[in-house]
Amino acid sequence: MNYWLFKNEPEDFSIDDLAKAKKQTTHWDGVRNYQARNFMRDDMKVGDQGFFYHSNCEVPAVMGIVEIVREAYPDHTAFDANDPHFDPKSDPENPRWMMVDVKLVRKLERPIPLKEIKEYMDQLEGFHLVARGNRLSVMPVQPKHWKLILSLE
DNA sequence: GCCAACGTTGGC
DNA sequence: GCCAACGTTGGC
C-alpha cells in the first residue's frame with residue numbers, strides 16, 4: 001500500500017466540502033501536470049491512503065486522510081469547454097488527463113501546519129512537499145514521513 | 001533541440 | 001500583493 005498527498009486550495013474545495021459531499025467521496029479532477037497524472041495513473045491503487053492538504057491559504061496544513069476508492073479513469077472536465085480546466089488537446093478517444101476517486105477517512109484532530117512540519121526538516125529528506133520549488137499537487141509520501149506527520153497530530 | 005517569454009503555483 | 005521557482009509554449 002502506498003501513501004500520497006493531495007493538495008488543494010480550500011477556497012476551491014476544502015476538506016469540509018469533502019466531508020459534506022455525497023458518500024464523502026469526490027473525483028480528483030483538474031490535475032494538469034504530467035508528473036502528478038502519472039502518479040495517479042500508474043501507481044495509485046484502491047486502498048491507498050493520502051493526506052488532504054490545504055494550500056495557498058492562511059494556514060497551509062495537512063487537514064485529513066483520504067482513501068483511494070477508484071483507480072485512474074479519464075478526467076472528463078478536460079473535454080468541457082466551459083470548465084476552467086478545459087484542455088482542447090485532450091482527445092476523448094485518447095484522454096490526456098486522468099483522475100481518481102477519493103473518500104474521506106477522517107479529519108485530523110487538528111490541522112498540522114506546514115510551518116510545524118518544517119521543524120522536522122532533518123527527517124524529511126525526499127518529501128516533495130517541503131522540497132525547494134515544489135509545485136506538485138499530487139505526490140507520493142514515504143511511510144516514514146507519513147508516520148512523522150501523524151505523530152504530530 | 002534550444003531557450004526566451006510567458007503563465008501558474010504557492011508560501012510568505 | 002509580491003515574487004521565486006517552475007512547466008509549457010513556440011519561434012528559430
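Just so you know, these numbers use all the heavy atoms, side chains as well, and skip hydrogens, waters and symmetry mates. What you see is a predicted model, and the numbers here were worked out from it, not measured in a lab. Numbered from 1 within each chain, the chains take letters A, B, ... in sequence-line order.
- Partner of A:E67 under the side chain to side chain contact (heavy atoms under 4.5 Å, CB included) criterion, out of A:L104, A:T25, A:V105: A:V105 alone.
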Polar atoms only, N or O, under 3.5 Å: list the protein pairs with nucleotides 8-10 of chain C and their distances.
| residue | atom | partner | partner atom | Å |
| --- | --- | --- | --- | --- |
| C:dT9 | OP1 | A:K89 | NZ | 2.9 |

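- There is a path of hydrophobic side-chain contacts, each under 4.5 Å, that joins A:L108 to A:W146.
- Rounded to whole Å, the distance from CG on A:D87 to P on B:dG7 is 17 Å.
- Counting only distance, with no hydrogens or angles, the side chain of A:T77 and the backbone of A:D75 share no donor-acceptor pair below 3.5 Å.
- Closest approach of A:L124 to A:I117, counting heavy atoms only: CD1-O, 3.2 Å.
- The shortest distance between side-chain heavy atoms of A:Y73 and A:D101 falls below 4.5 Å.
- A heavy-atom distance below 4.0 Å to DNA chain C is reached by these residues of residues 114-133 of chain A, ordered by number: A:R132, A:G133.
- Using the six-membered ring where Trp is involved, A:H145 and A:F127 have ring planes that are tilted, between 30° and 60° apart.
- Close placement of the A:Y34 and A:W97 rings is indicated, their centers lying within 6.0 Å of each other.
- The only option from A:W4, A:F52, A:F39 that meets the ring pair (Phe, Tyr, Trp, His ring centres under 6.0 Å) definition with A:W28 turns out to be A:F52.
- Sequence order on DNA chain C of the closest nucleotides to A:N134 and A:N56 puts A:N56 first from the 5' end.
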